[in-house]
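Here, residue 1 is the first one in the sequence, and each next residue gets the next number.
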Amino acid sequence: MNPGFLKQAIELAVENVRRGGGPFAALIVKDGVVVATGANRVTRDGDPTAHAEVVAIREACRVLGGFQLAGCDVYSSCEPCPMCLGALYWARPARVYFAAAQADAAAAGFDDSFIYRQIAIAPAERDIPMLRVGDEAATRPFEEWTGRADKTEY
């Protein structure tokens, strides 16, 4: 763990707030070198998925030429939200270091605890109902995928 990288993420988040963005930032580090940074761009880009970690993951994958962050560390100004947590697990970095906790974000108006609660509820009972619609071809994409010898596993 390099405290300098964590301080850099915090400062990037402060700068982002001063530019009218959200109070979140992240760095992706490989072999002691920052390969990508990201700051919250949700309101700037009109994109609810443009969280700092997601922005940083996208840039790091572009720079590194792949879709996984093996051997990388992530330094985030705040504990990742549920969406970013999922993105991080798919990206597979070695470690994630964060400064502020969920409670700190919630105190500033960024409370994502309702999402964690929603995950545990049956899809059709969630605040945004998620309804499975049966179709005889529903599993066809998976059959195509599993039948391909040349697929890239992930």
Side-chain angles (χ1 to χ4, degrees), residues 1-121 123 126-128 130 141-154:
M1 203 297 270
N2 182 326
F5 290 136
L6 199 56
K7 288 187 185 307
Q8 190 176 341
I10 294 167
E11 286 305 312
L12 185 59
V14 170
E15 290 171 23
N16 199 51
V17 169
R18 291 178 179 159
R19 289 190 310 267
F24 305 96
L27 287 79
I28 312 283
V29 177
K30 182 162 186 151
D31 300 325
V33 176
V34 175
V35 296
T37 65
N40 182 284
R41 296 177 2 191
V42 170
T43 56
R44 188 191 92 184
D45 292 359
D47 179 355
T49 69
H51 288 205
E53 294 89 344
V54 172
V55 171
I57 288 167
R58 289 174 180 161
E59 179 62 12
C61 288
R62 187 191 67 74
V63 168
L64 297 172
F67 60 89
Q68 293 184 345
L69 301 176
C72 294
D73 289 333
V74 177
Y75 290 84
S76 182
S77 63
C78 187
E79 184 175 357
C81 75
M83 177 182 69
C84 293
L85 182 64
L88 287 160
Y89 270 97
W90 281 113
R92 296 180 178 93
R95 284 166 294 278
V96 177
Y97 301 104
F98 62 90
Q102 285 180 29
D104 301 313
F110 298 92
D111 188 358
D112 55 15
S113 62
F114 75 97
I115 298 172
Y116 287 105
R117 289 191 304 273
Q118 289 291 301
I119 291 169
I121 298 172
R126 294 177 181 155
D127 288 350
I128 299 174
M130 300 182 184
F142 300 116
E143 293 162 6
E144 288 287 326
W145 171 257
T146 56
R148 288 193 66 106
D150 64 341
K151 65 182 169 276
T152 301
E153 299 282 349
Y154 61 97

query: Can you tell me if N16 uses its side chain to pair, donor with acceptor, with the backbone of G22 under 3.5 Å?
result: yes
**Study point:** Any side-chain heavy-atom pair of N2 and V29 under 4.5 Å
**Key:** no
*Test item: F24 and H51 side chains (from C-beta on) under 4.5 Å apart, heavy atoms*: no
d(I57 CD1, Q68 CD) to nearest 0.5 Å is 11.5 Å
Exercise. Are any side-chain N or O atoms of R126 and backbone N or O atoms of I121, one a donor and one an acceptor, separated by less than 3.5 Å?
Worked result: yes
Quick one: are D73 and P93 in side-chain contact, heavy atoms under 4.5 Å? no
Between the CD atom in Q102 and the CG atom in D104, the distance rounded to the nearest 0.5 Å is 10.0 Å
Without swapping roles, check the side chain of E59 against the backbone of G38 for a donor-acceptor pair under 3.5 Å.
no
Of all heavy-atom pairs linking D127 and Q118, the shortest is N-OE1, 2.8 Å
Are the side chains of V74 and P80 in contact, using a 4.5 Å heavy-atom criterion? no
Checklist entry - Heavy atoms, side chains only, cut-off 4.5 Å: are Y116 and P82 in contact? => result yes
Rounded to the nearest 0.5 angstrom, the SG-CG distance for C72 and D31 is 8.0 Å
With C61 as partner, the option from L69, V35, I28 fulfilling side-chain contact (heavy atoms from CB on, under 4.5 Å) is L69
Distance col, row M83:CE vs D112:CG, nearest 0.5 angstrom, shows 10.0 Å
Side chain S77, main chain A25, donor-acceptor under 3.5 Å: yes
| Quick check: are there more than 12 heavy atoms from other residues, nucleotides or ligands sitting under 6.0 Å from CZ of R18? | no
Closest non-hydrogen atoms of V54 and A87, given as atom of the first, atom of the second and distance, are CG2-CB, 4.2 Å
Distance col, row I10:CD1 vs E15:CD, nearest 0.5 angstrom, shows 12.5 Å
Exercise for review: Decide yes or no for F110 and C78: does some side-chain heavy atom of the first lie under 4.5 Å from some side-chain heavy atom of the second?
Suggested key: no
Any side-chain heavy-atom pair from Y75 and M1 closer than 4.5 angstrom? yes
key: Atom OH of Y89 with >12 non-hydrogen neighbours under 6.0 angstrom   = no
dist E144:CD -> K151:NZ (nearest 0.5 Å) comes out at 11.0 Å
>> Before we go on, tell me: are the rings of Y97 and F5 under 6.0 Å apart, centre to centre?
In response: no
Exercise. With side chains defined as the heavy atoms from C-beta onward, is the minimum distance between W90 and F67 less than 4.5 Å?
Worked result: no
Check your understanding: Looking only at atom types and distance, does a side-chain atom of K30 sit under 3.5 Å from a main-chain N or O of A70, one as donor and one as acceptor?
Key -> yes
